[in-house]
Amino acid sequence: MELKDTQARAEELRGQINYHNHRYHVLDDPEISDAEFDALMRELIALEKKWPDLRTADSPTQRVGGAPREGFVTVRHRLPMISLANAFDAQELRDFDRRVHAVLPGEKVAYVIEPKIDGLAISLVYEDGVLVQGATRGDGETGEDITPNLKTIGSIPLRLHRDIPGVFEVRGEVYMPKESFARLNERREEAGLPLFANPRNAAAGSVRQLDPAITARRNLALFAYALGFAEAVKVKTHYEALELLSDAGFKINEHTKVFWGIEPVIEHLQEWQDKRYDLPYMIDGIVIKVNYLDQQERLGATMKSPRWAVALKFTPEQAETTVEGIMITVGRTGVLTPTAVLTPVRVAGTTVSRAGLHNEDIIREKDVRIGDRVIVHKAGDIIPEIVRVLPEHRDGLTAVFSMPQTCPSCGSEVLRPEGEVALRCMNMACPARLRESLIHFVSRSAMDIVGVGPSLIDQLLARGLVQDAADLYRLSHEDLLSLERMGPKSARNTLEAITKTKDKPLYRLIYGLGIRHVGERAAKLLSGHFGSLDRLESASTEELSAIPEIGPAIATSVREFFARDENRKVITRLKEAGVRTEEGLTQTKKPLSGKTFVLTGGLESLTRPEATELIESLGGRVVSSVSKNTDYVVVGKDPGSKYHKAVKLGVTIFQEADFRSFIESALR
Ligand code: IVH
């Protein structure tokens, strides 16, 4: 391919990727599948790898996170990033409105209200439309340059969708959705890492990673809420500024509204008391801003905060209840987890009857006893937690809790391995461990066996129909028919669902095996590196820890897993049942999966290796000779005998232009 054409293709790909990225991350309305998006991205990565000069600062390939850095550089904000004054009730909002009118006597005032996102404030600087700097708020005067990290956030445009010359600064809030926060903490708990207290801390911790690749995996997003230094744009109101930001490619909060006067604002805010819990992200209040910028200017600011805005803060919801008991569950790795059983109580929009206590040390630290009155809240609006005990209510009947010495499921002795906070049941055959491992094996992120969940697993175990994951693949129609609420049709569907998973990508099986410390990401890395379960099994600890991101804990745990006879036996039986233990060529169904191409003659816009790479990135195969199994022959200048053979065999022939449009439609 000529450099000129390559440049054009790279430009075209960047345009397409940016477009689809915006549809997915900002508009929440994707048009193409993840696999199709990945194919575009891979093609661009391949082009830029070959011609590094094509790599521009706004290329979407820059989102994956560059090399780790040594530390952060401090940058000075062009305009200080001040924060907001708080109000806690309607009266304080009326006081705010009175102060506004004292400066603007006789004028009508329109207010914009927006949710106050519980994340961290950042500044983004664009120069001639390209993102050149992203920084934290810091002390308001200077912040830290975290540009590579922010580039990984899908809802931050790398290039503005509108022509805005010169310096254009945008301010907004980076946040972590509640779901992502809960899943992140789940994974951290599994890995024995300290938990984040709330989505704000999680977002802040993620954005300040020296290695942007970690930020990239944390599923962060941005709501833009104001212009910063932006001389080239002229707007009259804050609302217009938000519309401009939306046109420029940013995500603007959909609950933004304008009201004339403070009373309609106050009335509207009543709704938010409950509505806030329905949002997929956490908010800690509502921001009220004077809409007209000329009024904002005349109101001005104090050293700390503007006089034209105020934040109505929600009081974090807490409730008082009683600890009725502490129950212990045994996880698939044998960890004993204590959970407080509470007298049901309403908190943050739902009824709470359990709160995780994590481990013995936490119970001690908080001094939680059975019978205690306690204050509960929900971390990140979703995870119920005991905030503190009310010892003044203790009546002498409270009982200090100690963790059991034996496993509540199988009765074998429990151990606290050195350096760990958790007690563990070491019995691999423990029924609770088996149950949890099976539930994990069939779960969505592992083998994803649709229709097989905890209650079916319980029945299968109770009837002795399964003893390990491999048994799932040996179930017969009769076995399933013998279960409660299972008719012939659902038995057939269940069997079909199980059989279908035999061909799942290898990483899902590796993850599903439930090897300690091996989460989804590690499973993907191991699958990608070794390509088969056999090769993974024979890998040494050194080989394992030589893989980037695979630390000694994972390496040791993988070795320990494969050293056990019972695990190797399950794997053998999984293989016998026909479960795939090698990485296949096509992990996900790509547009050209299963299609065979032959190239002949010189192509104008691409070289042969480029065309091959393109076809392969879309899941197709390129072979050297034409047969009746060939799907397409791509014919360039001066084709050889392959062309004649294709004509003879009636294989579809593409001229170069046909091929291009065929590829383009495959990408759509
Ligand atoms: S406006 C000068 N709008 O709240 C006004 N801030 O306590 C600048 N925040 O530092 C802020 N959502 O981190 C504004 N819709 C919103 C917001 C918002 C969250 C945060 C922001 C700011 C803090 C103020």
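Heads up: numbering here begins at 1 and tracks the sequence. Just so you know, ligand 1 is whichever comes first in the structure, and atom 1 is the first atom listed for that ligand. Here the structure is a predicted model, which means the values were calculated and not measured.
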Under a 3.5 Å distance rule, please check whether R354 uses its side chain to pair with a backbone N or O of V341 as donor and acceptor. no

Would you call E179-R183 a salt bridge at under 4.0 Å N-O? no

E173 neighbourhood, listing ligand 1 atoms whose heavy-atom distance to it stays under 4.0 Å: 9 (N), 13 (O), 19 (C), 20 (C), 21 (C)

Which heavy atom of A553 sits nearest a heavy atom of H517, and at what distance? O-CD2, 3.8 Å

Keeping the roles fixed (side chain from D97, backbone from G261), state whether a donor-acceptor pair exists under 3.5 Å. no

Can you list the atoms of ligand 1 that are under 4.0 Å from a heavy atom of A121? 10 (O), 13 (O)

Any N/O pair P306/ligand 1 closer than 3.5 Å: no

Heavy-atom nearest pair, H255 first then P115, reads CB-CG, 3.9 Å

Can you tell which part of A309 has a heavy atom less than 4.0 Å from ligand 1: side chain, backbone, both or neither? neither

Considering non-hydrogen atoms of the protein only, which is the closest contact for atom 8 (C) of ligand 1, and what is the distance? I82 O, 3.9 Å

Give the single entry among K116, R137, K313 that approaches atom 4 (O) of ligand 1 most closely by any heavy atom. K116

Nearest neighbour in protein (non-hydrogen) for atom 6 (N) of ligand 1: Y225 CZ, 3.5 Å

Geometric N/O contact W308 with ligand 1, under 3.5 angstrom: no

Give a yes/no verdict on a cation-pi contact between K313 and F88, requiring under 6.0 Å between NZ or CZ and the six-membered ring centre and an angle within 45° of the axis. no

Could you tell me which atoms of ligand 1, counted from 1 in the order shown, lie closer than 4.0 angstrom to a heavy atom of E114? 3 (N), 15 (N), 16 (C)

Give yes or no for whether the N/O distance cutoff of 3.5 Å, strictly under, is met between K289 and ligand 1. yes

In the protein, what heavy atom is nearest to atom 5 (C) of ligand 1, and what distance, to one decimal place, separates them? L84 CD2, 3.6 Å

List the steps and the verdict of ring pair (Phe, Tyr, Trp, His ring centres under 6.0 Å) for F168 and F250. CA-CA 13 Å; F168 179 67; F250 292 91; 7.2 Å; no

Heavy atoms only: give me the nearest T343-E324 pair and the separation to one decimal. OG1-OE2, 2.8 Å

For ligand 1, which atoms have a heavy atom of P115 less than 4.0 angstrom away? 12 (N), 15 (N)

Looking only at protein heavy atoms, what sits closest to atom 12 (N) of ligand 1 is I117 N, 3.1 Å

What's the separation between atom CG in L40 and atom CZ in R14, rounded to the nearest 0.5 Å? 13.5 Å

